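Written below as C-alpha cells is the structure these notes are about.
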Amino acid sequence: MTATVSTSDTNLDASAAIQRSGFSRKFKAYLALTKPRVIELLLVSTLPTMIFAQRGFPPIGLILATLVGGAFAAGSAGVFNCYIDRDIDKLMHRTENRPLVTGEVSPREALVFGWLLGAAAIAILWFGANPLSAWLGLAAIVFYVVIYTMILKRRTAQNIVWGGAAGCFPVLIAWSAVTNTVEWPAVVLFMVIFLWTPPHYWPLSMRYGEDYRKANVPMLGAIAGAKVVSVQVVLYAWAMVACSLLMVPLGGAGWVYTVAAVLAGAWFLYESHALYERAQKGEVSSKGAMKVFHGSISYLTLLFIALAVDPFVGGPLMAG
C-alpha cells in the first residue's frame with residue numbers, strides 16, 4: 001500500500017510557517033523599537049513608588065493601568081527616538097541592528113506605531129488612573145522626544161543631564177496615580193533618579209565613545225577624558241546618595257529604606273571612587289567603566305525594592 005502526500009497541503013503548511021515566521025520577526029522588530037530594557041528599568045521605580053504612596057498595595061486595576069500606561073508612554077518615546085535618530089544609529093556599532101536601520105520596519109510604520117502607543121498611553125492613564133497622571137505621561141514623552149532627542153542630544157555634552165529628566169517622570173506618574181497629586185516624596189524620588197542618570201550613563205558613553213564620536217554626538221564620555229568623566233561621576237553619585245536620604249525627613253521613610261539607602265549608597269560611592277582612582281592613574285578599561293554602569297542599575301533596583309518593603313515594616317523614622 002503506497003502512502004500519498006498532498007502537495008497542496010504541504011505548500012499550505014509551508015506558507016503558514018513562513019507567515020508565522022514573518023509575523024514573529026515583525027513583532028520583535030516593533031518591540032525592539034520601544035527599547036524594552038529601558039522600559040524595564042523605568043518600571044522598577046513605578047510599582048514601589050505606588051506602594052509607598054499607598055502605604056500598602058493599591059487596587060490591582062490601578063497598578064495595571066499605571067504600569068501599562070507608563071510602559072506604553074516610555075515605548076512611544078523610544079519609538080520616536082529611534083525614528084529621529086535613524087541617521088546616526090546606522091553609524092554606531094551599538095545601534096546598527098535597530099529595526100529602522102536594518103529595514104525591518106519602515107520610517108512610516110515606526111511613526112504610526114509611536115503615535116498609536118502614545119495615544120494609548122495617555123488614554124490608559126487618563127481613564128485607568130487620573131488626568132494628572134496622563135498629563136505627566138504626555139510630559140515625559142514630549143521631554144524625551146523634543147527636549148532630549150531633538151534639541152539637546154546632538155548639541156551639548158549636558159544632553160543626558162537635562163534630557164535624562166524624562167526618565168524621572170515614572171515616579172511622578174506613580175505617585176499621582178495613587179494620590180492624585182505630586183508631593184515632596186515624589187519630588188525627592190524624581191531628584192534621586194535625575195542625579196542617578198549621569199553616573200549611570202556616562203560610564204556607558206565611555207565604553208562606546210568611538211561610536212558617539214563617529215556619529216558626532218557629544219556625549220561627555222566620548223568627548224572628555226576619563227579623568228574628567230570620573231570626577232563628574234563621583235560628584236553626581238554623592239549628590240544622589242545625599243538626596244536619597246531626604247526621604248527620611250521629607251518622605252516619611254522608615255528603617256528598611258534608610259538602611260538600604262545608606263548601604264547601597266556607600267557601595268555605589270565606593271565603585272565610583274574606584275573608577276576615579278583608576279582614571280587618575282590612566283588605567284580605566286571598558287570593563288571598569290561598565291562595572292559602574294551595571295552597578296548603578298543594581299543600586300537603583302535595591303533602593304526601590306527597599307522603598308516597596310518599607311511601609312510594611314515599622315513606621316517613619318521622623319514623624320512629619
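Nothing here was measured: the structure is a model prediction, and the numbers come from that model. Computation of the quantities below employed the complete heavy-atom set of this structure, encompassing side-chain atoms and omitting hydrogens, waters and symmetry-equivalent molecules. The residues of the chain are indexed from 1 along the displayed sequence.
Taking the side chain as every heavy atom from C-beta outward, T197 and I160 approach each other to under 4.5 Å. Put simply, the side chain of H93 does not reach to within 4.5 Å of the side chain of Y208, judged on heavy atoms. T46 has its side chain out of reach of V171: every pair of non-hydrogen atoms, C-beta onward, lies at least 4.5 Å apart. Proximity of M240 to I193: side-chain heavy atoms (C-beta onward) are nowhere separated by under 4.5 Å. For the pair M247/P185, a side-chain contact is recorded, criterion being any heavy-atom separation below 4.5 Å from C-beta on. No side-chain heavy atom of F268 sits less than 4.5 Å from a side-chain heavy atom of V241. Counting heavy atoms from C-beta outward, Y30 and E109 have side chains that approach closer than 4.5 Å. Counting heavy atoms from C-beta outward, L33 and R98 have side chains that stay 4.5 Å or more apart.
A186 approaches L172 most closely through the heavy-atom pair O-CD2, 3.7 Å. Counting all heavy atoms, side chain and backbone alike, T258 lies closest to G254 at OG1-O, 2.7 Å. The shortest heavy-atom contact between F72 and A121 is CB-CB, 3.6 Å. Between I141 and A73 the shortest heavy-atom distance is CG1-O, 3.5 Å. Closest approach of P58 and V178 over heavy atoms only: CG-CG2, 4.2 Å. Summarising the geometry of I51 relative to A308, their closest heavy-atom pair is CG2-O, 3.5 Å, with the distance given to 0.1 Å.
A distance of 8.5 Å separates CG of L195 from SG of C168, quoted to the nearest 0.5 Å. The CE atom of M219 lies 4.5 Å from the OH atom of Y201; values are rounded to the nearest 0.5 Å. One finds the OG atom of S176 at 13.5 Å from the CH2 atom of W135 (value rounded to the nearest 0.5 Å). One finds the CD1 atom of I84 at 8.5 Å from the CZ atom of R154 (value rounded to the nearest 0.5 Å). Note: M92 CE to T95 OG1 = 3.5 Å, rounded to the nearest 0.5 Å. M50 CE to T179 OG1: the interatomic distance, rounded to the nearest 0.5 Å, is 10.0 Å.
Ion pairing between a basic and an acidic side chain is recognised when a charged N comes within 4.0 Å of a carboxylate O; R213 and E210 show such pairing. A salt bridge does not link R94 with D211: none of the charged nitrogens is closer than 4.0 Å to a carboxylate oxygen. Salt bridge K90/D85: absent, no basic N to carboxylate O contact under 4.0 Å.
Cluster annotation: I223 and V233 are assigned to distinct hydrophobic clusters (Ile/Leu/Val/Met/Phe/Trp/Tyr, side-chain heavy-atom contacts under 4.5 Å, transitive). In terms of hydrophobic clustering, with Ile, Leu, Val, Met, Phe, Trp and Tyr side chains grouped at heavy-atom distances under 4.5 Å, V231 and V161 are assigned to a common cluster. Under a hydrophobic-cluster definition in which Ile, Leu, Val, Met, Phe, Trp and Tyr are linked whenever side-chain heavy atoms come within less than 4.5 Å, directly or via other members, L116 and V145 are assigned to different clusters. Linking ILVMFWY residues whenever their side-chain heavy atoms come closer than 4.5 Å, directly or via other members, leaves I39 and L31 in distinct clusters. One hydrophobic cluster, built from ILVMFWY side chains closer than 4.5 Å, cannot hold both Y270 and L245; they sit in different ones.
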Could you give me the CA-CA distance, side-chain angles and deciding distance for V182 and L136, then say whether side-chain contact (heavy atoms from CB on, under 4.5 Å) is met?
CA-CA 10 Å; V182 173; L136 289 169; 4.2 Å; yes
Set out, in order, the CA-CA distance, both residues' side-chain angles and the distance that settles side-chain contact (heavy atoms from CB on, under 4.5 Å) for H200 and I297, then state yes or no.
CA-CA 7 Å; H200 163 69; I297 297 174; 3.6 Å; yes
Go through the steps to decide whether F113 and F80 satisfy the test ring-ring contact (aromatic ring centres under 6.0 Å, His included), and finish with yes or no.
CA-CA 9 Å; F113 182 47; F80 285 125; 9.7 Å; no
Given V38 and L42, is the side-chain contact (heavy atoms from CB on, under 4.5 Å) satisfied, shown in steps?
CA-CA 6 Å; V38 174; L42 295 177; 4.2 Å; yes
List the steps, then state whether side-chain contact (heavy atoms from CB on, under 4.5 Å) holds for Q232 with L220.
CA-CA 10 Å; Q232 294 298 311; L220 186 66; 4.1 Å; yes
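Looking only at distances, no side-chain donor or acceptor of T34 sits under 3.5 Å from a matching main-chain atom of G75. Checked by atom type and distance alone, the side chain of Y257 never pairs as donor or acceptor with a backbone atom of F304 at under 3.5 Å. With R86 contributing its side chain and C82 its backbone, the two residues share no donor-acceptor pair below 3.5 Å. Panel note: side chain S76, backbone G114; a donor-acceptor pair is recorded below 3.5 Å. Looking only at distances, no side-chain donor or acceptor of D89 sits under 3.5 Å from a matching main-chain atom of E96. A side-chain donor-acceptor contact under 3.5 Å links K26 to the backbone of E104. A distance-only check finds no donor-acceptor pair linking the side chain of T49 to the backbone of A174 [under 3.5 Å].
Taking the six-membered ring where the residue is Trp, F190 and F169 present perpendicular rings, their angle passing 60° and hence far from 30°.
Side-chain contact check for E183 and W175: at least one donor-acceptor pair (N or O, by modelled atom type) lies under 3.5 Å. Counted by atom type alone, S133 and N130 present one or more donor-acceptor pairs between their side chains at under 3.5 Å.
For Y83, the ring pair (Phe, Tyr, Trp, His ring centres under 6.0 Å) criterion is met by no residue, not counting sequence neighbours.
Within 6.0 Å of the CG atom in D87, the count of heavy atoms belonging to other residues, nucleotides or ligands exceeds 12. The local environment of CH2 in W267 is crowded, with over 12 non-hydrogen atoms from other residues, nucleotides or ligands closer than 6.0 Å. For F312, the CZ atom counts as densely surrounded, since its 6.0 Å shell holds more than 12 non-hydrogen atoms of other residues, nucleotides or ligands.
Taking the six-membered ring wherever Trp is involved, the centroid distance between the rings of Y148 and W162 does not fall below 6.0 Å. Checked against the 6.0 Å centroid threshold, W196 and Y236 do not count as a close aromatic pair.
Figure legend: R55 and F52 shown as a cation-pi pair, the cationic atom lying under 6.0 angstrom from the six-membered ring centre and within 45 degrees of its axis.
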